[in-house]
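Side-chain atoms are counted along with the backbone in the values below, which use heavy atoms only and exclude waters and symmetry mates.
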Amino acid sequence: IYLREEVYFREYIETIETALDSNKMLRIDMQSPLTGTESWDVRPFALLPDASHLYHYLVGRSVQAGGLRRDEKVASIRLSRIRKLAVLSKKTSRSGMLSAAEKKEIRQKISTNSVAFLIGEEEEIIVRLTESGRKKYKHALFLRPALHHVDEDGFYHFRCTQMQARQYFIRFGPDAEILAPISLREEFATIYRNASTLYSGDERFF
């Protein structure tokens, strides 16, 4: 997939490299399933692969188009989500240069969250694992969030984004119970409730 993307997204990659070389900002249009097309301004840091070297991600500091620098957040954008990409002129936009401190912050977030999970704020995720769940956690390395500590009740505490926790623990089924935050717990409950409804009927299609 990664090598195919280098061919398919060659124009995007060259545009990003141009912005990086000239310290210019990028204007990106992305398709959102909720709001349609969204436009973002990005001061690019690098074009990087995810942990499994499957997909390309543009990493940098981003804000909605026309937004202020103080509102920027560290983010990663998968190239396949981009619909339109352009380098902004320095005459009509601020510089795309990142300070040494900003680059250090991005590197730290990458080392903590991985490239694919830079969007969203880190928070404490508390999970109760069954014995089977603990075995799964030990061996399932793909997308695994970093463990902060295990408390006296045996609950696992992680520091990561809800997106990373969702994508990692959803495959554990009943072997992982999300205890906090409540919003993520309710999201898991809805997912499993809908799945239970889907499979509880007697309809057969074969």
Approximate separation, where rounding is to 0.5 Å, of [X] [atom1] and [Y] [atom2]:
X	Y	atom1	atom2	value
Lys104	Ser99	NZ	OG	11.5 Å
Asp21	Glu14	CG	CD	11.5 Å
Leu79	Glu11	CG	CD	12.0 Å
Ile178	Glu186	CD1	CD	12.5 Å

Please examine the side chains of [Y] and [X], heavy atoms only from C-beta on, and report whether any two atoms are closer than 4.5 Å.
X	Y	answer
Glu123	Gln162	yes
Tyr12	Ile82	yes
Leu147	Tyr156	yes
Leu58	Leu26	yes
Phe142	Ser52	yes
Ile106	Leu98	yes
Leu85	Asp29	no

So if you build clusters from Ile, Leu, Val, Met, Phe, Trp, Tyr with side-chain heavy-atom gaps below 4.5 Å, do [X] and [Y] land together?
X	Y	result
Leu54	Ile110	yes
Phe172	Ile170	yes
Met30	Val63	no
Val74	Met97	no
Met25	Val59	no

Legend entry - Residue from Tyr2, Phe9, Tyr8 passing ring-ring contact (aromatic ring centres under 6.0 Å, His included) with His56: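 Per the ring-ring contact (aromatic ring centres under 6.0 Å, His included) rule, the option paired with His56 is Tyr2, out of Tyr2, Phe9, Tyr8.
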Between [X] and [Y], what is the shortest heavy-atom contact and its length?
X	Y	value
Ala116	Asp50	CB-CB, 4.5 Å
Ser93	Leu88	OG-CB, 3.4 Å
Val127	Ala176	CG1-CB, 4.0 Å
Thr18	Ser22	O-OG, 2.7 Å
Ile125	Pro181	CD1-CD, 3.5 Å
Val42	Gly60	CG1-CA, 4.3 Å

Inset, instruction - Give the C-alpha distance, both sets of side-chain angles, the deciding distance and a yes or no for salt bridge (charged side-chain N to carboxylate O under 4.0 Å, His left out) between Arg27 and Asp41. - result: CA-CA 5 Å; Arg27 172 69 53 83; Asp41 290 340; 2.3 Å; yes
Checking the side chain of [X] only, and the main-chain atoms of [Y] only, is there a donor and an acceptor separated by less than 3.5 Å?
X	Y	result
Arg144	Lys138	yes
Glu177	Leu129	no
Asp153	Phe155	no
Ser89	Lys91	yes
Ser76	Val115	yes

Inset, instruction - Show your reasoning for whether ring-ring contact (aromatic ring centres under 6.0 Å, His included) applies to His157 and His149. - result: CA-CA 5 Å; His157 293 245; His149 72 278; 4.2 Å; yes
Inset, instruction - Carefully, step by step, assess Phe158 and Phe169 under the rule ring-ring contact (aromatic ring centres under 6.0 Å, His included). - result: CA-CA 12 Å; Phe158 302 89; Phe169 286 110; 5.4 Å; yes
Inset, instruction - Tell me, please, which residues at least two apart from Arg159 pass salt bridge (charged side-chain N to carboxylate O under 4.0 Å, His left out). - result: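 Arg159: no salt bridge (charged side-chain N to carboxylate O under 4.0 Å, His left out) contacts found.
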Legend entry - Audit row: Arg171, Leu143, side chain to side chain contact (heavy atoms under 4.5 Å, CB included) steps and yes/no: CA-CA 11 Å; Arg171 52 188 162 160; Leu143 304 182; 4.2 Å; yes
Legend entry - Modelled atom types, side-chain donor and acceptor of Ser132 and Asp175, under 3.5 Å: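 Yes, side-chain donor-acceptor contact under 3.5 Å.
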Legend entry - Ring geometry between Tyr192 and Phe188 (parallel below 30°, tilted from 30 to 60°, perpendicular above 60°):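 Taking Tyr192 first and then Phe188, their aromatic rings stand perpendicular (interplane angle over 60°).
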Inset, instruction - Evaluate the ring planes of Tyr168 and Tyr137, with Trp represented by its six-membered ring, and classify them as parallel (under 30°), tilted (30 to 60°) or perpendicular (over 60°). - result: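 Ring orientation of Tyr168 relative to Tyr137: perpendicular.
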Legend entry - More than 12 heavy atoms of other groups within 6.0 Å of Arg4 CZ: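 For Arg4, atom CZ is not crowded (no more than 12 foreign heavy atoms under 6.0 Å).
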Inset, instruction - Could you walk me through whether Val7 and Arg10 pass side chain to side chain contact (heavy atoms under 4.5 Å, CB included), step by step? - result: CA-CA 5 Å; Val7 176; Arg10 172 48 50 190; 6.0 Å; no
Inset, instruction - Name all pairs fulfilling the side-chain hydrogen bond (donor to acceptor under 3.5 Å, both in side chains) condition that reach into residues 61-72, sequence neighbours left out, sorted by first residue then second. - result: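 Matches after skipping sequence neighbours: Arg43-Glu72, Arg61-Glu72, Arg61-Glu105, Arg69-Glu102, Glu72-Arg94.
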